[in-house]
Each structure stands twice: as structure tokens, then as C-alpha cells.
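First the structure, in the form of C-alpha cells, and then the observations on it.
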Amino acid sequence: MASAELQGKYQKLAQEYSKLRAQNQVLKKGVVDEQANSAALKEQLKMKDQSLRKLQQEMDSLTFRNLQLAKRVELLQDELALSEPRGKKNKKSGDSSSQLSQEQKSVFDEDLQKKIEENERLHIQFFEADEQHKHVEAELRSRLATLETEAAQHQAVVDGLTRKYMETIERLQNDKAKLEVKSQALEKEAKECRLRTEDCQLQLKNLHEDLSGRLEESLSIINEKVPFNDTKYSQYNALNVPLHDRRHQLKMRDIAGQALAFVQDLVKALLNFHTYTEQRIQIFPVDSAIDTISPLNQKFSQYLHENASYVRPLEEGMLHLFESITEDTVTVLETTVKLKTFSEHLTSYIRFLRKILPYQLKSLEEECESSLCTSALRARNLELSQDMKKMTAVFEKLQTYVSLLALPSTEPDGLLRTNYSSVLTNVGAALHGFHDVMKDISKHYSQKATIEHELPTATQKLITTNDCILSSVVALTNGAGKIASFFSNNVDFFIASLSYGPKAASGFISPLSAECMLQYKKKAAAYMKALRKVQQSLEKISKLEQEKEHWMLEAQLAKIKLEKENQRIAEKLKSTSSRQVVGLAQEDASVVNASGQEETAGAVQEPVPSTSLVPDVESREDLIKNHYMARIVELTSQLQLADSKSVHFYAECRALSKRLALAEKSKETLAEEMKVASQNISRLQDELTTTKRSYEDQLSMMSDHLCSMNETLSKQREEIDTLKMSSKGNSKKNKSR
């Protein structure tokens, strides 16, 4: 019975131990799962604390269980020792029970050994968790230092932005104050302009009335005196000399000078292109220094050698056209005779291009048939063939329009004036087409030269020649682009200048009438020059007459003074003899006559007035007549001066009215600018306020975040300290165990 009870107890203890072991495995699995799945440091620490507490409780419970088991084992051993003498009778049953107790004891020893090993493993895990916690704490401290540094940097940025925005606000306020002062000054100036405008309008009204009266008088004189109106008939009107526009002529000459410079660059590039092409034929695909080139290339080289005789005249023709445009001429299509010469030179160059085009195409085909030609090089040669055809076609198109522009100076019926603008527009389009073709040639030839330079048989001479051709093609492209842009920028001026001709007519009828007009213009210029000389002579005569009148008056005054002096001397020398008085008087009279003749010698020679004390009637009438004539001349000059001043004043009034209008516009513009500036200031202030608020919110959030991090770190430190204390307590307990 006792053995059965003991066996039942041992079975119960084994079941409880197995349950505890199963619970221990579940707890260990939960601890491992929590360590693997926890991402937040606080949760990890909490779970570790919980696991440590559970393990501590389990260890305590196991320690208690072990103590109980040890006590039970001791009791069982005592009972076994007491039951051995009693059980001698039942030796067999005793042996079996002792054997059973030994087996149970070995099981308990094994379980205790496993429990010890498990405790050691748990201590190791606790040590690893402590080290990991220290590592996490160090990382958090470094992160806290980094965040504090970033916070300081953010604060510095916020301070800089605040200072910048304050400076911007101050600058904008200063600008606003300046604009307000400027606006007040403009308002004051506008008021003054209004007052001056009112005065000018009043004066303008008076001048208008005066000029209206003069216009009516002039119209009546024209209707009465002019025999016929030559502007009524276009044949006669074409012979009238138009008003000379010096500004127009200067601008036309400046444009012609620019065109001459562009044509010179183009001619230089064309000469280089044809010359270097000739050099290339001599060295590729067969070098003439080593072997004989084909007859086709020989002929092509011969034609290219003649390029200067066709290209140079283009520059000469443009130079003659530029020299024909002077300040004194009238430049329209009917008077630009030298444009025909330039057109003929361009036609000659087109013939040259047509002549060399077949040889150029055949030469490229010969290169394609060469064994050195690759498929890529063959494709580039085909593209260049098409480009050369396009280049010749563009030059032909350009020559067609230039020849049309040259027709009005030679054949008046060859081109209608209504078609002038369309022809000029087409010339601009042709120049742009020429630029596009040259860009394609430059692109394709660059690719061709690159491929040829990669060939194993490429010589330095070929590479240098290709580079020279490519540079000439680039120069042609740049020149074509410049002249196309130049023509497009000035095409409106060319079209507007077509109306420059006789007044109240559609223009010159024929080149003959234009030539006659130029002759009349020269005669008119000579006539105006002669009139200017006559005017200068008349002014000189008038000046001499005035000087004559002046000296005559001076002579009369001198005579009066002499008469008074003679009377004074006569009264003074009354007491002397009459013979001495008479001698002195005669001597004084002779001296006066001599001085009067010397004074009037520089003036216009006239009969010398009588030396008597009282002038005669005729001399007095002449003096009065001359005085009034001089007065009339003076009044006439004053009247002319008044007329010129009135015209000048009228022009000044118009200028003031325009300035007033411009001032009003500028005032409106400045008002709009002030409005925009004030809006910008308000917008910037709003942005500054918003930015300040956002930065303050960010700073508050960062401070809150730092506070929360500090609290979290303090809590973690407390938990770490708690864990350390608990681990120390567990280690002490384990050591005591």
C-alpha cells in the first residue's frame, strides 16, 4: 500500500513537472516571438521586463517546487530506510520498490540538471538583452545629439530667414516711401503741365487762326498766279523732284554697307569652298601625286579652278551698288541701276553652278564606287548629292527674284509696283532656304569627314583638306544665316521705302523719268546753292547799307559838333583881328573836310555832303529816305524773326502737348506700378507672417518632440535601471541557489 501511494505521488509529481515544462516552453517561445516582432524600443523593454518577471516567478516557483521535491525525496528516503527492516519479509517487493525509487531518483536528477542548464541559458539571454539595451541606449543618445544639432541648425535658419524678411520689409517700405515721393512730384509736374498745356492751347488757337488766314491768302494767290497743276498728270509729276529725306538716304546707305559686308563674307566662304573642293579631288579617292585621277575629276578640277572669275564679280557688283547710294540721291528701285549689274553677276555665277553640278554628282558617285567607300560613307555621299542639287536650286530661285527687282530700273513694264512687296518677301524666304540647305550640307559633310577620318587609308592631307572644307561650309552657313536675318529684319523698311517718290503720285513711271528727275534734282540743288549765295550777298549788301547809314549819321553829328566849336571859337576870339579869325576858320574847315572824307572811304562811294554848317534840302531828304529804308529792312527782319519764333513756338507747344500725354501715361504706369508694389508688399508681409507662423509651429513641434523624446529616454533609463536591479537580484538569487 505504501509503495502504491508513493508511486501515485511520484506519478502526480511527474505530471505536474511535465505541465510545468510545457508551460516553460510556451513562455520561452512567447519571449522569443516578442523579441522578434517588437519594433519599438519601449515595447521591447516592456516585453523584456515582463519576460524577466515571468522567468523570475517561474524560477521562484521551480525553486520552491525543487525544495518541495527535495523534502519529499528526503521523506521518501527516510520512509524507505524505515520500511527496509520491515520489508525483509517481502524482499521481493522491497527490491522492486527500491529499484523503482532509484529510477525515479535518476529521473529527478536528470530533470534538475536540465533545469540548471536552462537557468544558465536564461542568464545568457538576459546578459545579451542587457548588452542590446545598452547598444540601443547609445544609439538613442547619439540620435538625441543629432536631433539637438539639427534643431540648432533649424533655429539658425529660422533666425536668418527672419532677418532676411525683416530686411526685405524694410527695403520695400523704403521703396514705397520713394515711390510716394516720386508720385507726389509727378502729380505736381502733371499740374504744371496742365497749366502750361492750357496756355499752349490758347496760343495754339491764336496761331491756328493766324495760320488759317495765311492759308486762305496763300490759296487765293496760288489759284490766281499758278498757271497749271503739274501733279495732276503722272507723266509730269514723275519729273518733279521729291522732298529730300536725308535720314532715309543715310539709313539706306547704312543698310547697303551691311549688305556689302555680308556679301563679302559670303564670297570669301564660296571661294574657300570651291578651292578646297578642288584640292580634295586631287587627293581622294586617288592621290594625283601617286596616280592619275579620272578624266571626270580632271574636268571638274579644271572648272573649279575658274571659280574666282565667277565669284569675285558678286562682291564687285555689290560694291558698285553701295557706292551708287549716296546722301544726295533718291534710292528707289527705279533709280538703282547698279542692281542690274549685280543681277547679271549673280546670273553668271548660277551658270557656273549649273556647269559644275553634273561633275560634282558624278564625282560623288565615283567615290561611292571606290573600294574604300563604306555603306555609311555611301549614304552620306547620296545626302550630299541631294544637298548640292538643293543649293543650286536655291541660288536659281534667289537669282530669279533679284532679276525681278532689277527690272524697274531698266524695263518699267517688267514688274508692277503692286508686286514689289511679294518679291521682297520671296527674296527673304529664298535666303532662309539657302541657310537651311547650308545647315544640311554642314551636318552631312561633318558626318562624312568623321567617317573618312576613321578609314585606315586616310592621310593627313585628306584630313586637313576635309577640315578646311568643313570650316568653309560652316562660314557659308553662318553667312547665310546672318544675311537671311538681316534681310528679314529690314524687309519692312524696304517695302515702306517703295512709296518714296514724287508727291501725290504712285511713283516713278519709267527709268527715263527717274533719270530726268535726278538731273532736275542736281539742277535744283545747284539753284538752291545759287539762291543761298544770292541771299548771302543780299545780307552782306544790307549790312553794308546799315554801316553806311551809321557813318553818315556820325558825319552829321561831327558837323554839328564842328559848327558849335566854330561858334565858340569865334565868340572867344572876337577881340583878335578879323584876318586871324578868318585864317583859323579856313584851317579848321579844311581839317574837318579831310576827316570826313577818311571816315566815308570804307562805305559805298557817294557824293560827299556839303561842308556848310546847315545841310541842304536834298541831302536831308536822302538821309530821311535812307533812315526809313533801314527801318523798313529792320522791321522786315523782325517780322521774319517773329514768324520763325511763332513756328518754333508752335512746334514747342506740340512737343509740350506730347510730353504732357507721355507724362499722363507715365503717371498711370507709375500708379499701376505703385499698386503692384503695394500688392507685392502686402503679399510679402502675408508670406512673412505665414512663414513665421509655420516656423514657430515647426519649432514648437520640434520642442514637443524633443520633450517627448527626453521623457521616453528618462522612462527607458528608469526601465533599464529597474531591469539592472532585477537582473542583479536574479543573479544574486541564482548564485545563492
Side-chain angles (χ1 to χ4, degrees), residues 150-212 245-248 250-251 254 485 488-490 492-493 496 641-642 644-704:
E150 291 179 355
Q153 292 177 355
H154 286 305
Q155 184 63 35
V157 171
V158 169
D159 295 337
L161 290 173
T162 304
R163 184 170 57 257
K164 181 179 177 182
Y165 281 117
M166 291 301 292
E167 291 176 356
T168 305
I169 290 172
E170 185 177 359
R171 180 171 54 82
L172 290 174
Q173 287 177 352
N174 294 332
D175 293 341
K176 182 180 178 182
K178 291 179 181 178
L179 288 173
E180 288 178 353
V181 173
K182 190 175 181 181
S183 175
Q184 292 176 0
L186 287 173
E187 288 178 356
K188 184 177 180 181
E189 187 177 355
K191 290 179 180 178
E192 294 177 356
C193 289
R194 287 194 192 95
L195 296 175
R196 292 174 64 185
T197 304
E198 292 176 356
D199 296 337
C200 291
Q201 286 178 353
L202 182 60
Q203 295 175 4
L204 181 63
K205 184 178 179 181
N206 297 330
L207 288 173
H208 181 69
E209 293 176 356
D210 187 14
L211 292 173
S212 298
D245 192 347
R246 183 172 178 272
R247 186 179 298 173
H248 173 272
L250 291 176
K251 184 173 182 181
D254 180 60
S485 301
S488 298
N489 294 332
N490 294 288
D492 294 333
F493 175 74
L641 182 62
S644 63
K645 285 184 177 180
S646 63
V647 173
H648 177 70
F649 189 69
Y650 174 70
E652 187 177 359
C653 290
R654 290 186 62 186
L656 286 173
S657 63
K658 290 181 181 179
R659 286 181 60 188
L660 179 61
L662 291 174
E664 291 290 339
K665 290 182 181 179
S666 63
K667 179 185 175 183
E668 293 176 359
T669 307
L670 288 172
E672 293 178 357
E673 290 179 355
M674 285 183 60
K675 188 182 294 182
V676 173
S678 61
Q679 292 177 358
N680 291 331
I681 290 169
S682 60
R683 180 174 57 79
L684 288 172
Q685 288 178 351
D686 295 337
E687 290 180 358
L688 179 61
T689 306
T690 307
T691 308
K692 281 184 176 180
R693 289 177 181 174
S694 62
Y695 275 107
E696 288 175 357
D697 295 337
Q698 290 179 1
L699 287 173
S700 62
M701 290 174 65
M702 289 175 67
S703 61
D704 295 338

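- A distance-only check finds no donor-acceptor pair linking the side chain of Asp254 to the backbone of Leu250 [under 3.5 Å].
- Atom CD of Glu189 is separated from atom CZ of Arg196 by 9.0 Å, given to the nearest 0.5 angstrom.
- Rounding to the nearest 0.5 angstrom, the gap separating the CD atom in Glu187 from the NZ atom in Lys182 is 13.5 Å.
- Of the N and O atoms on the side chains of Asp159 and Gln155, at least one donor lies less than 3.5 Å from an acceptor on the other residue.
- A donor-acceptor distance shorter than 3.5 angstrom exists from the side chain of Asn174 to the backbone of Glu170, with no hydrogens or angles considered.
- Within the model, atoms NE2 of His208 and CG of Asn206 stand 11.0 Å from one another, a figure rounded to the nearest 0.5 Å.
- Lys176 places none of its side-chain heavy atoms less than 4.5 Å from the side chain of Leu172.
- A donor-acceptor pair under 3.5 Å is absent between the side-chain atoms of Ser183 and the main chain of Leu179, judged by distance alone.
- One distance of note links OG1 of Thr197 with CZ of Arg194; it measures 9.0 Å at 0.5 Å rounding.
- In this structure, CG in Asp175 is found 11.0 Å from CD in Glu180, a value given to the nearest 0.5 Å.
- Taken to the nearest 0.5 Å, the CG atom of Leu211 stands 9.0 Å off from the CG atom of Leu204.
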